[in-house]
Amino acid sequence: MKMIISWALIILLAYTAQTSLFTLIDFHGVSVNLMLLFIVSVAYIHGWKKGLGLGFLTGLLQDFTTGSFFGCATFTYMTIGLLFGKFATRVFKEQFFFPVMSAPVAAIIYFAFMTILIYLLGYEIDVTRSMRTILLPLICYQLVFAWLIHKIVFDFDKFAKRHG
């Protein structure tokens, strides 16, 4: 039970940092998506079930707090947790290269899903402009912070196994 509370506090702290602190260093309204980085890291370390579960919980958190299209973030994060979690059996847990290099791939998947879902809801989207103003800065931020977030998740997971 202590570990569940600890993980929940880490996620809440990361989400708070994402929505408050990192907005100070945004680029035209785009900043790092820490939830996406956490989902990819947890999915690589623990597999698709925990990746899917964390995607569901963080997606709900984001959907409830942003007031945007409810369910879009939940569906997208769950899908990303599932996809990257399927690779968990093929990746060494101590390997940091794949989770870090997966950060831009996850950002592209996130962007594509959200763009398609918003388009299906009837909104016009200039895809090339959105790729230039939203996707490219997001990829850069994800690459910059991917190693740090994966290191935090990896170290906390080792700590949890020793003291769990």
Side-chain angles (χ1 to χ4, degrees), residues 10-48 50-88 90-91 95-154:
I10 288 174
I11 295 300
L12 286 174
L13 180 66
Y15 189 70
T16 303
Q18 174 181 315
T19 56
S20 60
L21 180 66
F22 287 111
T23 58
L24 299 174
I25 59 167
D26 70 353
F27 181 77
H28 297 293
V30 178
S31 65
V32 65
N33 189 335
L34 295 177
M35 298 298 97
L36 193 57
L37 294 173
F38 266 101
I39 292 165
V40 170
S41 292
V42 168
Y44 268 121
I45 292 172
H46 292 286
W48 69 271
K50 289 195 179 176
L52 183 76
L54 183 65
F56 176 74
L57 294 174
T58 56
L60 272 181
L61 176 66
Q62 184 168 327
D63 282 336
F64 278 130
T65 57
T66 60
S68 176
F69 301 109
F70 190 79
C72 288
T74 304
F75 174 73
T76 304
Y77 285 162
M78 285 174 59
T79 305
I80 289 170
L82 175 71
L83 289 173
F84 288 96
K86 288 292 185 178
F87 291 107
R90 297 178 179 93
V91 176
Q95 179 67 267
F96 276 59
F97 177 76
F98 287 112
V100 171
M101 290 292 90
S102 295
V105 175
I108 292 168
I109 294 169
Y110 176 79
F111 175 81
F113 272 51
M114 294 301 279
T115 302
I116 290 167
L117 289 171
I118 291 170
Y119 179 76
L120 290 174
L121 289 169
Y123 292 88
E124 289 294 321
I125 298 171
D126 183 357
V127 177
T128 56
R129 182 174 179 265
S130 294
M131 288 175 71
R132 190 173 53 252
T133 59
I134 297 171
L135 181 60
L136 289 178
L138 180 61
I139 288 172
C140 293
Y141 278 121
Q142 297 303 90
L143 278 171
V144 168
F145 288 95
W147 184 86
L148 175 65
I149 296 303
H150 187 67
K151 178 87 170 116
I152 290 169
V153 170
F154 184 78

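Values below: all heavy atoms of this structure, side chains included; hydrogens, waters and symmetry mates excluded. Remember, it's a predicted structure, so these values are computed and weren't measured experimentally.
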Fill in the blank from the handout: Heavy-atom nearest pair, A43 first then G81, reads CB-O, 3.6 Å
Could you list the donor-acceptor pairs under 3.5 angstrom formed between side-chain atoms of residues 101-122 and any protein atom two or more places apart in sequence or on another chain?
unit_1: S102; atom_1: OG; unit_2: Y44; atom_2: OH; d: 2.7
unit_1: S102; atom_1: OG; unit_2: F98; atom_2: O; d: 2.6
unit_1: Y110; atom_1: OH; unit_2: Q62; atom_2: NE2; d: 3.4
unit_1: T115; atom_1: OG1; unit_2: F111; atom_2: O; d: 2.7

Exercise for the section: Please test L61 against L12 for side chain to side chain contact (heavy atoms under 4.5 Å, CB included), starting from the C-alpha separation and ending with a verdict. Expected result: CA-CA 9 Å; L61 176 66; L12 286 174; 4.2 Å; yes
Handout entry: Contact summary for L138 and S31, nearest pair of heavy atoms
Key = CD1-O, 3.7 Å
Exercise for the section: Any pair with a residue in residues 142-153 that passes salt bridge (charged side-chain N to carboxylate O under 4.0 Å, His left out), sequence neighbours left out, goes on the list, sorted by first then second residue, please. Expected result: K151-D155
Practice task
Sequence neighbours left out, what pairs pass side-chain hydrogen bond (donor to acceptor under 3.5 Å, both in side chains) with at least one residue falling in residues 127-145?
Solution key: D126-T128
Handout entry: With sequence neighbours excluded, residues passing side-chain hydrogen bond (donor to acceptor under 3.5 Å, both in side chains) with S41
Key = H150
Completion exercise
One should read off an interatomic distance between T76 OG1 and I80 CD1, to the nearest 0.5 angstrom, of 6.5 Å
Exercise for the section: Output all residues satisfying side-chain contact (heavy atoms from CB on, under 4.5 Å) with T23, sequence neighbours left out; order by chain, then residue number. Expected result: none
Handout entry: Those residues that, when tested against F22, pass ring pair (Phe, Tyr, Trp, His ring centres under 6.0 Å) (two or more places apart)
Key = F145
Practice task
List the atom of L143, the atom of V100, and the distance in Å for their closest heavy-atom pair.
Solution key: CD2-O, 4.0 Å
Exercise for the section: Can you sort out the partners of F27 under ring pair (Phe, Tyr, Trp, His ring centres under 6.0 Å), two or more places apart, ordered by chain and number? Expected result: none
Practice task
Would you list the pairs meeting salt bridge (charged side-chain N to carboxylate O under 4.0 Å, His left out) in which at least one residue belongs to residues 11-34, sequence neighbours left out?
Solution key: none
Practice task
Tell me, please, which residues at least two apart from I10 pass side-chain contact (heavy atoms from CB on, under 4.5 Å).
Solution key: F38, F156
Problem - Set of ring pair (Phe, Tyr, Trp, His ring centres under 6.0 Å) partners for Y123, sequence neighbours left out - result: F69
Problem - Approximate separation, where rounding is to 0.5 Å, of L34 CG and L148 CG - result: 9.0 Å
Handout entry: Any I11 side-chain heavy atom under 4.5 Å of M35 side chain
Key = yes
Practice task
Go through T65 and Y15 one step at a time and tell me if the side chain to side chain contact (heavy atoms under 4.5 Å, CB included) criterion holds.
Solution key: CA-CA 10 Å; T65 57; Y15 189 70; 2.4 Å; yes
Exercise for the section: Quick one: list whatever passes side-chain hydrogen bond (donor to acceptor under 3.5 Å, both in side chains) with T58, sequence neighbours left out. Expected result: none
Practice task
To the nearest 0.5 Å, tell me how far L52 CG sits from H46 NE2.
Solution key: 14.5 Å
Handout entry: Under the ring pair (Phe, Tyr, Trp, His ring centres under 6.0 Å) test, residues paired with F64 that sit two or more places apart
Key = F70
Exercise for the section: Could you walk me through whether Y77 and N33 pass side chain to side chain contact (heavy atoms under 4.5 Å, CB included), step by step? Expected result: CA-CA 11 Å; Y77 285 162; N33 189 335; 3.0 Å; yes
